[in-house]
Structures are given as structure tokens and as C-alpha cells.
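Every heavy atom of this structure was used, including side-chain atoms; hydrogens, water molecules and symmetry mates were not.
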Amino acid sequence: MQFGIFTVSDITQDPTTGRTPTEAERIQATLTIAKHAEEVGLDVFALGEHHNPPFWSSSPTTTLAYIAGQTSTLQLSTATTLITTNDPVKIAEDFAMLQHVSGGRADVMLGRGNTGPVYPWFGKDIRQGLPLAMENYELLHRLWREDVVDWQGRFRTPLQGFTSTPRPLDGVPPFVWHGSIRTPEVAEQAASYGDGFFANHIFWPASHTQRMIALYRQRFEHHGHGTAAQAIVGLGGQVFMRRNSQDAVRDFRPYFDNAPVYGHGPSLEDFTQQTPLTVGSPQEVIDRTLGFRDYVGDYQRQLWLIDHAGLPLKTVLEQLDLLGEEVVPVLRREFAKDRPAEVPDAPTHASLVAAKYGDQAPRQATPNANRGDNLAGPSPYQDAAPARVTTGSAFGPAATR
């Protein structure tokens, strides 16, 4: 099981000091946070995508590529890549490139986003959000798996004989998580392709998340990708810790009360009771997180938001220290207990390569002589795509669909 953190890249005034960091300060702080996540033993760092103030992360792959060069084991992901307003061709290129520069330590979480004005900024209609998500991913899925793509859809210009470069590392596309808070159609999309489903487990009660995950698992099995227990599930969450719960509640309250999303709404006590937000001691975070398995089953990835609402860098690094030293080691041990053998580990590049090729050497894409176009016979590449190998892995079929 993987544990990590995600950030939405907000730049928010610290309510205890009245100071708002600059964009440059917040960007540098995020880089520090990502590197420290690896130092304390976490597995994953995920970065959101936004195109409006007060957020800074308009180009997640640029930032993640830099972090890849500063780390050696950290899995790099997005907390949302906007499948609706980004061109699927550019997503295919950017994330394949991130695969190469990170040595395979890259995956992607796709989502529609929650900022309505972004659609017209990129020439799209928010009323077509779901059809855009479905069609754009169908194209993205093909671009990573076919050397030459002919395409015609509703929402972009047609493609004829198009090759996305570079080809995915070792001929294996980045693993895809479809992220959603409330949309059953996204759970169905993830299940139909055999991809992962990530429930951003922050704002809604446990009963809602339970229904979404159950739907995804049921449909994953229906589409023939494995049993329901083999479906690949990730959860979000938010925590704030001090060594005793009273200090945690006292220190976090002003940030909660003024947070951009839920500030000036329910009380901290009501919100922590009604949602998975956990404010307390490390042991309380352990107990609450272990309880997630009671209603979603064994799952593969747990990410927490810890840098939201103006929390200063020093405090965020303290949260990371507590996660790495006191929380995650216990969670690794406890989640491993009685975990059924059929439940797969979180997908990694190495596991996906093994699932696709078995004992064969993976593909190394080698172009033909340059003709200055994409039309060099049936493929612009010398190497023939190797025969596909399907193993018993839950995500083997998904990797070769």
C-alpha cells in the first residue's frame, strides 16, 4: 500500500499572522515539502492543476519533472489533471516525457476540475464536461497504446496518421487514476478501462464514499478486469496533528475557520464528525485511517492534504515528520494484517512492465529514418510492438487493453 500527500497549490493568507506568501515563496515551499515527503519515508507526492489565482500550479508536469530530479524513490502524480480542458495529445506527450525523466516514477489522476470559468478559458463548454471527459480519455488511451492514430470526435480537430512522442517508457503507459468526489459516471469510466479510481475522501460522509467505491468495484468485475477485491482504489483525506489532540484542535481552528473551501461554514467539531477530516493526535489519525477499510475494503493508495488554508511551511514539515515517524509505519503494518492474497499492491511502473511482458524484454521504441512526417509506413518505428502478455495481475488486462 502506498502513502503520500497531495496539494491543491492554494496561496492563502495565514489567519494567525495576516500574511499571504508570494507565488515564488509558495512554489519553493511546495518543492521543499515534496522532497521532505521522500525523506520521511512517504511513497507519493501529488500536485493539483489550476489556472486561476489564488492557485499557482498551472503546469504540474513541469513541477513534477523538477521534483523527479531532486528525488530518487518518490512516486509523482497529479491530484487532478484536467481531462476536460487539456488537449489529450498534450497530456499524452507530457506524461510520457515525465515517465522518461523520472525513470517510471509517474502516474496521472484525471478529473473534470471544480472551477467553472476554466472551461471557456480553454474554449470548452462546462455543460459538456462529462462528454469531454469520456471522449478525451478515449483518445488519450489510444495515443499511449497505438503508434499511429486516426481519430475523429466531437470536441477536437481530427487526427490522421498521428504519432504521440515520446512513446511511453518501456511501451507501458502511465497508470491512470480517475478522480472524483461525487460522479458515478467517472467510477464507471475507471471500471470500464480497468484503471484506478480515486475518491477524494474529504468533503463527504463515509456513506457516500462507500457507495462510490462499491459501484466502481462492482463494475470493475463486470467488465472482466478481475474480482471486485482486485479493483485499484485510492482515497484522499486531510489531517492536522499535534502530539495531543487539544493542541491540534487549538492550533488548527483558525485555519479551518478561514479556509477557502469550508471556512465560515460548519464548526470544526461538526465537520470532523461528519467527514474524514481528522484533527488530533497521531494515534487518532491512525485509528481513523484504519477505519476507512471497514467501508471501502482493502485499498492501494492513501493520500493526505496537509498544506491547505495558509498553514506555514514549518507546520507542514512538522506534519510530515509525524506522518513519517509515527503514523505511516503503524498503518503499513496494520493494513498488511489479514490482507487477502488476491488484493494487489499499488501499481508501479515495474509491476506494470512485468504484467505486460512477463519474462520478455520490454519495448524500446526506435524510430525509422526521419522523413519529416509521421507517415513512415504502418509505423514510424523500426521495432515491432512485442506480443502482449496477460498475467493474473488485476491490472494486467488494464495495461494491455
Side-chain angles (χ1 to χ4, degrees), residues 1-6 8 46 48 77-80 82-84 109-116 126 129-130 133-134 176-193 195-223 228-240 256 259-280 284-306 308-309 331 335 343:
M1 186 166 171
Q2 294 175 335
F3 297 93
I5 58 172
F6 72 98
V8 296
S77 188
T78 48
T80 299
L82 300 176
I83 188 62
T84 46
M109 188 191 304
L110 301 176
R112 290 183 295 148
N114 59 8
T115 306
I126 193 172
L130 270 172
M134 302 301 153
V176 172
W177 301 87
H178 298 258
S180 180
I181 295 176
R182 62 184 179 275
T183 308
E185 291 87 346
V186 174
E188 169 64 25
Q189 184 184 37
S192 68
Y193 283 95
D195 296 335
F197 180 67
F198 190 92
N200 200 352
H201 193 213
I202 292 181
F203 302 118
W204 290 70
S207 57
H208 172 80
T209 301
Q210 182 180 33
R211 288 193 297 272
M212 290 286 284
I213 299 298
L215 171 64
Y216 163 66
R217 290 187 184 279
Q218 176 190 10
R219 299 300 294 171
F220 182 95
E221 183 170 304
H222 168 81
H223 288 291
Q230 292 174 316
I232 308 299
V233 173
L235 294 182
Q238 184 176 2
V239 297
F240 184 87
F256 176 89
V261 176
Y262 43 63
H264 310 287
S267 70
L268 175 58
E269 287 74 15
D270 286 344
F271 203 81
T272 53
Q273 182 180 16
Q274 297 168 9
T275 76
L277 170 65
T278 307
V279 180
E284 287 174 299
V285 170
I286 291 168
D287 294 341
R288 190 79 178 276
T289 306
L290 288 173
F292 297 165
R293 184 167 56 176
D294 295 340
Y295 54 89
V296 304
D298 288 284
Y299 60 110
Q300 282 72 29
R301 176 175 285 186
Q302 174 67 56
L303 303 183
W304 292 283
L305 176 64
I306 62 170
H308 180 52
L331 291 176
F335 273 118
V343 175

Ignoring hydrogens, what is the shortest heavy-atom contact between [X] and [Y]? Give both atom names and the distance.
{"X": "Arg288", "Y": "Gln273", "answer": "NH2-O, 4.4 Å"}
{"X": "Ala187", "Y": "Leu215", "answer": "CB-CD2, 4.3 Å"}
{"X": "Val233", "Y": "Arg217", "answer": "CG2-NH2, 3.6 Å"}
{"X": "Arg112", "Y": "Ala133", "answer": "CG-CB, 4.1 Å"}
{"X": "Gln238", "Y": "Leu305", "answer": "CG-O, 3.2 Å"}

I want to check something: taking the side chain as every heavy atom from C-beta on, are [X] and [Y] in contact at a cut-off of under 4.5 Å?
{"X": "Leu277", "Y": "Phe256", "value": "yes"}
{"X": "Ile202", "Y": "Ile181", "value": "no"}
{"X": "Val186", "Y": "Phe197", "value": "yes"}

TODO: Look at the rings of Phe198 and Phe6 and say which category their plane angle falls in: under 30° parallel, 30 to 60° tilted, over 60° perpendicular.
DONE: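 Perpendicular: the ring planes of Phe198 and Phe6 meet at over 60°.
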
Open item on the list: Classify the ring geometry of Trp304 against Phe3: parallel below 30°, tilted from 30° to 60°, perpendicular beyond 60°.
Closed with: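 Judged by the thresholds at 30° and 60°, the geometry between Trp304 and Phe3 is parallel.
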
Open item on the list: Under a 3.5 Å threshold, yes or no: a donor from one side chain and an acceptor from the other, between Glu185 and His178?
Closed with: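 There is no such pair (donor and acceptor under 3.5 Å, judged by atom type) between the side chains of Glu185 and His178.
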
Open item on the list: For Tyr295 together with His201, are the ring centres under 6.0 Å from each other?
Closed with: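 Centroid distance His201-Tyr295: below 6.0 Å, so yes.
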
Open item on the list: Any side-chain to backbone donor/acceptor pair from Arg293 onto Phe335? Under 3.5 Å, distance only.
Closed with: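 Pair found, side chain donor or acceptor close to backbone of Phe335.
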
